Amino acid sequence: MASVLFRGIQTRPFLLYPSALLSRKNGVLFCTTKCSQSQTATQENQQTQMKVSPRTHTKKVEKILHDYEAIIGIETHVQLDTLTKAFCSCAYLYGSQPNTNVCPICMGLPGTLPVLNSKVIEFAVKVGLALNCNLSMNSKFDRKQYFYPDLPKGYQISQFDIPIATGGFIELDLPTEYGGGHRKFGITRVHMEEDAGKLLHSGNGSYSQVDLNRAGVPLLEIVSEPDIRSGLEAAEYAAEIQRLVRYLGVSNGNMQEGSLRCDVNVSVRPIGQLEYGTKVEIKNMNSFSAMNRAIDFEISRQVDLYSKGEDNQIIQETRLWEEGAQRTVTMRKKEGLADYRYFPEPDLPEVVLSEEYVDNIRASLLELPEVKRRRYERMGLSMQDVLFLTNDMNVADFFDATIERGAEVKMAANWIMSDIAAYLNNEKLSINEIKLTPQELAELISSIKGGTISGKIGKEILFELISNGGTVKALIEEKDLVQIVDPAEIEKMVDKVLIENPKQLQQYRGGKTKLQGFFAGQVMKLSKGKANPGLLNKILLEKLNAKG
């Protein structure tokens, strides 16, 4: 976070007591600042541009970068899922009425003292280990000074020169539709800090109100090395961070709630140049897709300036991504480290870790996404299957539990990725919210593979199990769904269908062999879907091609 110049912003006069600073609206407290003009970003003319597919967009940027190289680093803020804030006992509940989860400590009132939430340290160590970092057994907190309307103390408690974790890396696999490939990105540091509040802007932009519910909420800032080279890689890196913190159980990672926020630094340089170009920070990206497009736009903008010999117009600044206009716009000039005037936090002791404490946390870590992907690959699954199954830890757990109960690996993956995924998507449910269990999915796959039921009947049973629960065996018996595998019984049904459709039979024998599907469908209909498909087609072909 950085300071902001209050040019054109007027604050209402206030007395020594908070009541003069706070206005009451519908029973909720607000701190209000009045603005005489809107932000720079909204002053620039908006030009709507036609949105293109991500693949087309990526190819366009690859062409632009023929003579240039993009250098990208990302600062990711992860909101930790603790019961209380970082330095006080206030809870943080997303969506609460403004200023209802506050106390003197997180409001920054004089005479208050912070007390560190130990869960923040535990979560920081977990993330540091998962990111293959070196842990600082002795770290400290620092004050990062800046003035901002939703930062009541006038400084942020953060970590500066001795963060809790440094020098790590993260590995990921790019989507197969974008060419695939394995990537490894360095992690510079992970440090603990507190969040600021939130500004609620009025509809006409004439004033803003301050909600301090979020002030003091614990964050981890994860800073990448400048190893990323495209918008696609950046989006996949951020998605992997989200996946990782969800697997670890330290954050829900929801971007729409602000639980995961990414600030991206982008610069370009001619191919062969060793020095970095001037970096530009981009904010206000609320999805991975938006991040991809924002970065690629900024790369294109900077390359265009280079190609015109106007690279001196690329200045160190913060720019906002405008989703409607599909472009970045200037927000403010970027501050340097000196502007923050860091110094050690005098009200908090050092954070001292013991080897035993770290070892216990390391032992508690579950299988992480990268390890799980490699295990699934060894099972023989395609990378497309692997990426789908590991994207959500609950889906991966369901898959693992299914194959542990004897299900064939590829069939289990196919059922989860197709019919089950489609149902979840249509009904807006998670896999934990349906009544189907891994045991019954394994039983269903076994029944199909063993010939007890057909695949078509299997689908009917699947949706019954998803919606209402129960067991495969009970449903098969209750609905009399056992597959017909008696050749004589199937032959009788085939004969009946051929007799009832003489015109189609004549057309088939006259050369319209595609009518085989029509006859097979009629037999399946007559058998109520219970005829064994392989046996049915074998007998049907013999009858259709018989002379006379």
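If you're wondering where the values come from, they're calculated on a predicted model, not measured in any experiment.
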Start with the C-alpha gap between M255 and F288, add the side-chain angles, then the distance that decides, and say whether side-chain contact (heavy atoms from CB on, under 4.5 Å) holds.
CA-CA 9 Å; M255 295 187 78; F288 301 133; 3.4 Å; yes

Test E345 against D142 for side-chain contact (heavy atoms from CB on, under 4.5 Å), laying out the working first.
CA-CA 4 Å; E345 169 57 65; D142 300 277; 5.6 Å; no

Distance check, rounded to the nearest 0.5 Å: [X] atom [atom1] versus [Y] atom [atom2]?
X	Y	atom1	atom2	result
F169	T188	CZ	OG1	14.0 Å
E367	D397	CD	CG	9.0 Å
I105	D347	CD1	CG	10.5 Å
S267	I299	OG	CD1	9.5 Å
T166	L131	OG1	CG	11.5 Å
S230	N292	OG	CG	7.0 Å

For a 4.5 angstrom cut-off between non-hydrogen side-chain atoms, does [X] reach [Y]?
X	Y	value
I164	Q159	yes
Y340	Y146	yes
P163	E221	no
V280	E298	yes
M192	P218	no
E240	P369	yes
V264	M291	yes
T82	Y92	no

Angle class for the Y68/Y306 ring planes (parallel below 30°, perpendicular above 60°, tilted otherwise)?
tilted

[X] side chain to [Y] backbone, donor-acceptor under 3.5 Å:
X	Y	value
T176	G180	no
S251	G253	yes
N391	L387	no
K372	V386	no
T328	L320	no
N204	S206	yes
S224	I74	yes
Q156	Q145	no
S96	L93	yes
D227	G186	yes

Assess the residue pair D81 and N252 against the criterion (side-chain hydrogen bond (donor to acceptor under 3.5 Å, both in side chains)); give the C-alpha distance rounded to whole Å, side-chain angles, the decisive distance to 0.1 Å, and a yes or no.
CA-CA 7 Å; D81 199 10; N252 62 30; 5.5 Å; no

Can you tell whether the side chains of [X] and [Y] come within less than 4.0 Å, N to carboxylate O?
X	Y	answer
K198	D211	no
E233	R183	yes
R319	E317	yes
R293	E323	yes
D161	R189	no
R229	E69	yes
D195	R261	yes

Check for me whether the distance between the ring centres of F399 and Y376 falls short of 6.0 Å.
yes

Show, in sequence, the C-alpha distance, side-chain angles and deciding distance for Y155 and Y342, and conclude whether the ring-ring contact (aromatic ring centres under 6.0 Å, His included) test is met.
CA-CA 9 Å; Y155 63 85; Y342 282 101; over 10 Å; no

Is there a donor in the side chain of [X] and an acceptor in the side chain of [Y], or the other way round, less than 3.5 Å apart?
X	Y	answer
H77	E75	no
N117	T84	yes
H201	Q209	no

Mark yes when over 12 heavy atoms from residues, nucleotides or ligands other than E377 sit less than 6.0 Å from its CD; otherwise mark no.
yes

Does I315, at its CD1 atom, have more than 12 non-hydrogen atoms belonging to other residues, nucleotides or ligands within less than 6.0 Å?
yes

What pair of heavy atoms forms the shortest contact from [X] to [Y], and how long is it?
X	Y	answer
F123	G249	CZ-O, 4.2 Å
F388	M417	CD2-CG, 3.4 Å
L260	C262	CD2-SG, 3.8 Å
I187	C133	CG2-SG, 4.2 Å
L174	E236	CD2-CG, 3.8 Å
L212	V102	O-CG1, 3.5 Å

From the options K144, K85, R214, K153, select the one residue that forms a salt bridge (Lys or Arg N to Asp or Glu O under 4.0 Å) with E194.
K153

Evaluate V120 against L80 for side-chain contact (heavy atoms from CB on, under 4.5 Å), listing each step before the verdict.
CA-CA 7 Å; V120 176; L80 298 181; 3.9 Å; yes

What residue among P346, P344, S158 forms side-chain contact (heavy atoms from CB on, under 4.5 Å) with R143?
P346

The test is side-chain contact (heavy atoms from CB on, under 4.5 Å); show your working for S430 and L424 and say whether it passes.
CA-CA 6 Å; S430 72; L424 296 176; 6.0 Å; no

Run the salt bridge (charged side-chain N to carboxylate O under 4.0 Å, His left out) test against E370 and tell me which residues pass, sequence neighbours left out.
R373, R374

